[in-house]
Amino acid sequence: MSKQKPSIPSGTRDFGPVEVAKRNYIINIIRSVYELYGYQPLETPVMENLSTLMGKYGAEGDKLLFKILNSGDWAIELKKKINAASISQYNDLILVSEKGLRYDLTVPFARYVVMNQNEITFPFKRYQIQPVWRADRPQKGRYREFYQCDADVIGSNSLLNEIELIQIISDVFSKLNIHITIKLNNRKILNGIAEITGMPDRIIDITIAVDKYDKIGSDGVKEELKQKGFNDDSIKKIFEIILMHNERILFGGLAAKDSSNINNLNFLKSIDGYANSNIFQKGVEEMDYIFERENDLISNNVKIKFDITLARGLNYYTGTIFEVVSNDVKIGSILGGGRYDDLTGIFGLPNMSGVGISFGLDRIYDVLTELNLFPENAITVTTVLIIPFDTECENKAIEYATQLRRENISTEIYPDLQVKIGKKFKYADDKNIPFAIVIGSDELKNNLVSIKNMKSGEQKQLTIEELITELNNDIKSYSDFSE
RNA sequence: GUGAUUGUAGCUCAGCUGGUUAGAGCAUCUGAUUGUGGUUCAGAGGGUCGUGGGUUCGAGCCCCAUCAUUCACCCCA
């Protein structure tokens, strides 16, 4: 038997003690802000019925679902079908798999709402911080298992929810010290554009192409639309609106006042056909509501920008759409979200409007790492390691450890007496434990402990009471220093 | 699904046009130091060179296949 080299599936990661501590630092900030705004926690199973997941994320999304093989001997049924020559990848998938790993947290949330509609008091504000899975090819900033940190409110049409979500975004990234831009758009505006250019049913193709504006530029977008079968005339119409508008955003900085979000919205109102499209007007009105309040929403590390080329892939969005990018690190979006008017309709609960956002934990982690923004005290470690010399000292060590822990000083005892003293200190060193306490026969006799500061190497003898006082002071200065 | 890239020690990587016994740094272990780590010094262990074929007197190096990795596209957090 050959030794096998252990590995994990590509796109997945182990998180060591330090990484978990750092991830918890981010999660705790997000969770505390969510709770501050009255959102309540929810958790759902990692797997859902495929019938719940399929068809919710577009054709591409279905391909990216991780599917779970059925138990039992599905091969027999499959063989029958194959012999009957009636097998179809889509209709007979259920023979092989009827469960899948969740692809996001929004669809399971919608499923939960429908199943529990009689118990839930609306509007229902929930947050959910759990991993999701996508069978994508991994690459930079893209994993096959990653965490989303969602907050959604469902059962309310009010744009106040959008306002609060923007405040949440602003609060979280302020606490994390990341400089960001919140990009906002509204699907109704995009729908309006499709409508007044005479292609209301091609909205998805238009949005996907337009969404790439930042990446491939106007020529790229034109090329893509052409490949999707749009004629030159329609493309010209789309660009009259999108490009003219967008260039005001991109290049309109000459007169700062002119390129403000409000002014860009006003520009849309002047477009030919605006008066004829209700949905267009509705979209612009909604954006107006938000941008009239933008000054109250954001702190100084946050920019907010109306971006008509923002579309976002998920088809269920119908109103406001959000995306956040880091101003300092190129890693794609670190938050996404939007409003969906009918997410629960497909599960039999119509007319339930909701709006939500999702922080991308893993990418935020990468941004904080790249910018070196994790505070040192985000990583909790043992404060004291007690090193006893023999069985008698060990008993004393247990007693002292109990006292220290009662003082909320994180303490551990090195467990193996026979191990050489040098290795024990090395253990403290490797674990970054700032203080080591030695208890030998001398210390025991005089009722003292020897304490060593691992950073300075300084060592002295104290009573346990003196030690506690000293440690309480030292820990304070130690953590002050690290901030 | 498409296009590239890279697979050599636990990790990061050298390894010349194909030539004898495949190297370094870091990490690990032992000792100098049996009540003192982080520094220093001396030493040790650790490899069927991703896998399977082929070419050759001879392959880590060349060819084919295969698997895995990373990056980009599609799409997306």
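The model shown is predicted, which means the values in this text are computed figures rather than measured ones.
Within the 4.0 angstrom heavy-atom criterion, base atoms lie near A/G141. Nucleic acid contact class of A/Y147 (heavy atoms, under 4.0 Å, all strands): none. Using a 4.0 Å heavy-atom cutoff across all strands shown, A/S358 reaches no nucleic acid atom at all. As judged by a 4.0 angstrom heavy-atom cut-off over every strand, A/K212 is placed among residues touching the sugar-phosphate backbone only. Residue contacts shown for A/T106 are absent, as no nucleic acid heavy atom lies under 4.0 Å away. Within 4.0 Å (heavy atoms only), A/D442 reaches at least one base atom of the nucleic acid. Contacts of A/F389 with the nucleic acid, taken as non-hydrogen atoms under 4.0 Å apart, include base atoms. Within 4.0 Å of A/G440, counting heavy atoms only, lies at least one base atom of the nucleic acid.
Counting only heavy atoms from C-beta on, A/L64 has its side chain closest to B/C75 among B/A77, B/U28, B/C75. Among the nucleotides B/C76, B/C29, B/C75, the one closest to any side-chain atom of A/E60 is B/C75. Side-chain proximity of A/S450 to B/A72, B/G35, B/A77: nearest is B/G35.
Summary of the strand contacts: A/F359 and A/G457 both lie near RNA chain B, and taking for each the nucleotide with the nearest heavy atom, the more 5' one is attributed to A/G457. Both A/R137 and A/I439 sit near RNA chain B, but only A/R137 has its closest nucleotide nearer the 5' end.
The pairing partner recorded for B/C16 is none, the criterion being a Watson-Crick or G-U wobble arrangement whose two distances lie under 3.5 angstrom. As the counterpart of B/U66, B/G50 is assigned, both hydrogen-bonding distances of the Watson-Crick or G-U wobble pattern falling under 3.5 Å. B/U39 is unpaired under the criterion used here, namely a Watson-Crick or G-U wobble arrangement in which both key atom distances are under 3.5 Å. Pairing partner, B/A44: B/U28, with both Watson-Crick or wobble hydrogen-bond distances short of 3.5 Å.
Look at the P atom in both B/U70 and B/U34: the space between them is 46 Å, to the nearest Å. Only the P atoms considered, B/U39 is 50 Å distant from B/G3, to the nearest whole Å. B/C16 and B/A22 are spaced 14 Å apart, taking the C1' atom of each and rounding to whole Å. Separation of the P atoms belonging to B/A14 and B/G53 is 28 Å when rounded to the nearest angstrom. Here, B/G10 and B/G45 have their P atoms 15 Å apart, quoted to the whole Å. B/U8 and B/U55 are spaced 27 Å apart, taking the P atom of each and rounding to whole Å. Between B/U2 and B/C74, the distance separating the two C1' atoms is 8 Å to the nearest Å. The separation of B/A27 from B/A42, taken at their P atoms, amounts to 15 Å, rounded to a whole angstrom.
Atom CD1 of A/I26 and atom C1' of B/A77 are 13 Å apart (whole Å). Atom C1' of nucleotide B/G37 and atom CZ of A/F425 are separated by 7 Å, given to the nearest angstrom. In this entry the distance linking CZ of A/R144 with P of B/A68 reads 10 Å, nearest Å. Remark: C1' of B/U34 and CG of A/L417 are 15 Å apart, rounded to the nearest angstrom. If you take CG of A/D136 and P of B/C76, they are 10 Å apart, rounded to a whole angstrom. A/L310 places its CG atom 12 Å from the P atom of B/C76, with the value rounded to the nearest Å. Rounded to whole Å, the distance from NZ on A/K140 to C1' on B/C74 is 20 Å. Between A/L385 atom CG and B/G38 atom C1' the separation is 15 Å, expressed in whole Å.
Distances shorter than 4.0 Å separate some side-chain N or O of A/S10 from OP1 or OP2 on B/U69. Neither OP1 nor OP2 of B/G35 sits under 4.0 Å from any side-chain N or O of A/K420. Applying the 4.0 Å criterion to OP1 and OP2 of B/C76, one finds that A/K63 has every side-chain N and O outside that range.
The side-chain tip of A/K125 does not point at the ring of A/Y37 from less than 6.0 angstrom away and within 45° of straight on.
No more than 12 heavy atoms of other residues, nucleotides or ligands lie within 6.0 Å of NZ in A/K226, so this atom counts as exposed by the packing criterion. Within 6.0 Å of the CD atom in A/E392, the count of heavy atoms belonging to other residues, nucleotides or ligands does not exceed 12. The local environment of CG in A/L444 is crowded, with over 12 non-hydrogen atoms from other residues, nucleotides or ligands closer than 6.0 Å. By the neighbour-count criterion of 12 heavy atoms within 6.0 Å, atom CD of A/E399 is densely surrounded, having more than that number from other residues, nucleotides or ligands.
For the pair A/I468/A/L471, no side-chain contact is recorded, criterion being any heavy-atom separation below 4.5 Å from C-beta on.
At a cut-off of 3.5 angstrom, the base of B/G37 holds at least one donor-acceptor pair with the side chain of A/D429. Below the 3.5 angstrom threshold, one finds no donor paired with an acceptor across the side chain of A/Q139 and the base of B/U70. Interface remark: the A/E443 side chain does form a donor-acceptor pair with the B/G35 base, using a distance-only criterion of under 3.5 Å. Put simply, the side chain of A/K424 and the base of B/G37 share no donor and acceptor less than 3.5 Å apart.
Checking A/I166, A/N161, A/I290 one by one against A/T320, the side-chain contact (heavy atoms from CB on, under 4.5 Å) holds for a single residue, A/I290.
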- [ ] Please report the C-alpha distance between A/Y57 and A/D104 in whole Å, then the side-chain angles of each, then the deciding distance to 0.1 Å, and finally whether the side-chain hydrogen bond (donor to acceptor under 3.5 Å, both in side chains) criterion is met.
- [x] CA-CA 10 Å; A/Y57 311 105; A/D104 72 358; 2.7 Å; yes
